[in-house]
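Every chain is numbered from 1 and lettered A, B, ... according to where its sequence line falls, protein lines coming before strand lines.
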Protein chains: 2
Amino acid sequence: MDTLPGKTVERLSQYRRRLLNLLDDNVEYIFSHELAEIIQISAVQVRRDLMLLGFSSVHRKGYPVEMLIEVIGQRLDDEKEQNVAIIGMGNLGTALASYLNGIRPKLKIVALFDIDKKKEGMEIVGVKCYPFSELGKVIKSKRVSIGVITVPQTSAKKVAAQLVKNGIKGILNFTHIPLNVPSNVSLEEYDMITSLEKVAYFVKESQEK
Amino acid sequence: MDTLPGKTVERLSQYRRRLLNLLDDNVEYIFSHELAEIIQISAVQVRRDLMLLGFSSVHRKGYPVEMLIEVIGQRLDDEKEQNVAIIGMGNLGTALASYLNGIRPKLKIVALFDIDKKKEGMEIVGVKCYPFSELGKVIKSKRVSIGVITVPQTSAKKVAAQLVKNGIKGILNFTHIPLNVPSNVSLEEYDMITSLEKVAYFVKESQEK
DNA sequence: AATTAGTTGTTATTTATTTCACATTTGTTT
DNA sequence: AAACAAATGTGAAATAAATAACAACTAATT
């Protein structure tokens, strides 16, 4: 079974979240164009993504919502749980901790870290905060495979190196510092300043027309 | 002069930020492979992007840093300032306000908004917080062209509609709710849950190999 | 029972983005 | 001054992603 394109993975993640909502509303079936409408993309795009899952609709009824959620999960989720740590409990880290916590049963936020010793032992959304010095120990004891970096720019590289050294498998980097990690570590970077500059550029362009 | 590809805009934004650092360190020239190394991309990619700017190196010395910053600015920035408002002063909004504030001279954070009346009049990184009810008024008086949405999921659509109604030109959406805006409004969406699920997927995949 | 209409799955096409490959230019070395 | 080396700029090729186009299937309608 082939690895899915990154863009498809992104959309599947979004499909699933919408479908879970629909399930709550007791929607049993959904057409590609309906799902497309919700996500604001094209119906072909939806069908193509689902085709990559080998998932078919029930003729003239659409895709069965519950089963589709199940199939997306089979493809996206690890069978066992994946444990996540967030490093840096400033505003951004705190926001992420509450955003991400509990949102997916197979993705558990199991540890938070901060350099500030005062935060030691504190709980945010029910997850314990450890001092940075215990990073290695906790990663091992809690089997953390994914690290989310939300520390100040200056410590980003150091934190990434520590994570890698302690066997982390994936990093989600929210600092503006591009990281350099071994190829066996999955890396996803997100730079908020770049996003803002991008919007600003297209605003400017659209006004010049 | 053609509109640049979105990906190129993203990289130009990053080049510029690194170049500004280099300038502080009195670096006068930089080779494509050096800049590439810093951003963790290929040298060809850098040269191609700069080619789109019509910007040439000084033979065997590399690209003049200061002039390159200037040229990127000419292309990315609006001549006049672009004013930005952040709507939703929870942890995420607060983090963004301090991240983004002052980072680019031509992109000014001029207003913050929150539903909570207690925050009215408060200042975060020197920017004033207004109650949500004054959105329209402030957008007009401060000539806000870009809105950053960091409110809870449930209010995202309402806020977006308000922004659009008040003539906003660009939206950066940090909620998980896909927004539907008229085509004359530039929209950039960023979903942190999707990013985390994406890393998790590629971690899983890499372990299966 | 035949026709219409809605929806899918998939191949083919188009568009966007990245990478390759290399001729070109000129500083440096012999 | 010839040979070499370091980089660039760019056409051509490759890869990735999105869209179009349409045959096929079947529920509903006539």
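- One atom, CG of B:Leu52, and another, P of C:dA16, lie 13 Å apart when rounded to the nearest Å.
- With rounding to whole Å, A:Tyr29 atom OH is found 17 Å from C:dG6 atom C1'.
- Within residues 59-70 of chain A, the residues that have a heavy atom under 4.0 Å from DNA chain D are, in order of number, A:His59, A:Arg60.
- Going from atom CG of B:Asp2 over to atom P of C:dT17 covers 13 Å, rounded to whole Å.
- Here the closest heavy-atom approach between residue B:Ser145 and residue B:Gln82 is recorded as OG-CB, 4.0 Å.
- Between the A:Glu34 side chain and the A:Phe31 main chain, a donor and an acceptor come within less than 3.5 Å of each other.
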The test is ring-ring contact (aromatic ring centres under 6.0 Å, His included); show your working for A:Tyr190 and B:Tyr190 and say whether it passes. CA-CA 9 Å; A:Tyr190 180 69; B:Tyr190 181 68; 3.2 Å; yes
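- Rounded to whole Å, the distance from CE on B:Met51 to C1' on D:dT8 is 12 Å.
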Would B:Phe113 and B:Tyr130 satisfy ring-ring contact (aromatic ring centres under 6.0 Å, His included), going step by step from the backbone distance to the final call? CA-CA 5 Å; B:Phe113 291 93; B:Tyr130 299 88; 5.8 Å; yes
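- Between the side chain of A:Lys204 and the main chain of B:Arg75, a donor-acceptor pair closer than 3.5 Å is present.
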Please produce a list of atom pairs where a protein N or O lies less than 3.5 Å from an N or O of nucleotides 15-18 of chain D.
from, atom 1, to, atom 2, distance (Å)
D:dA18, OP2, A:Arg11, NH1, 3.0
D:dA18, OP2, A:Arg11, NH2, 3.2

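- Taking atom CG of residue A:Leu53 and atom P of nucleotide C:dG9, one finds them 11 Å apart after rounding to whole Å.
- Residues B:Arg18 and A:Ile177 form a side-chain contact, since some pair of their non-hydrogen atoms from C-beta on lies under 4.5 Å apart.
- In this structure, B:Lys7 does not pair ionically with B:Asp49, as no charged nitrogen and carboxylate oxygen lie closer than 4.0 Å.
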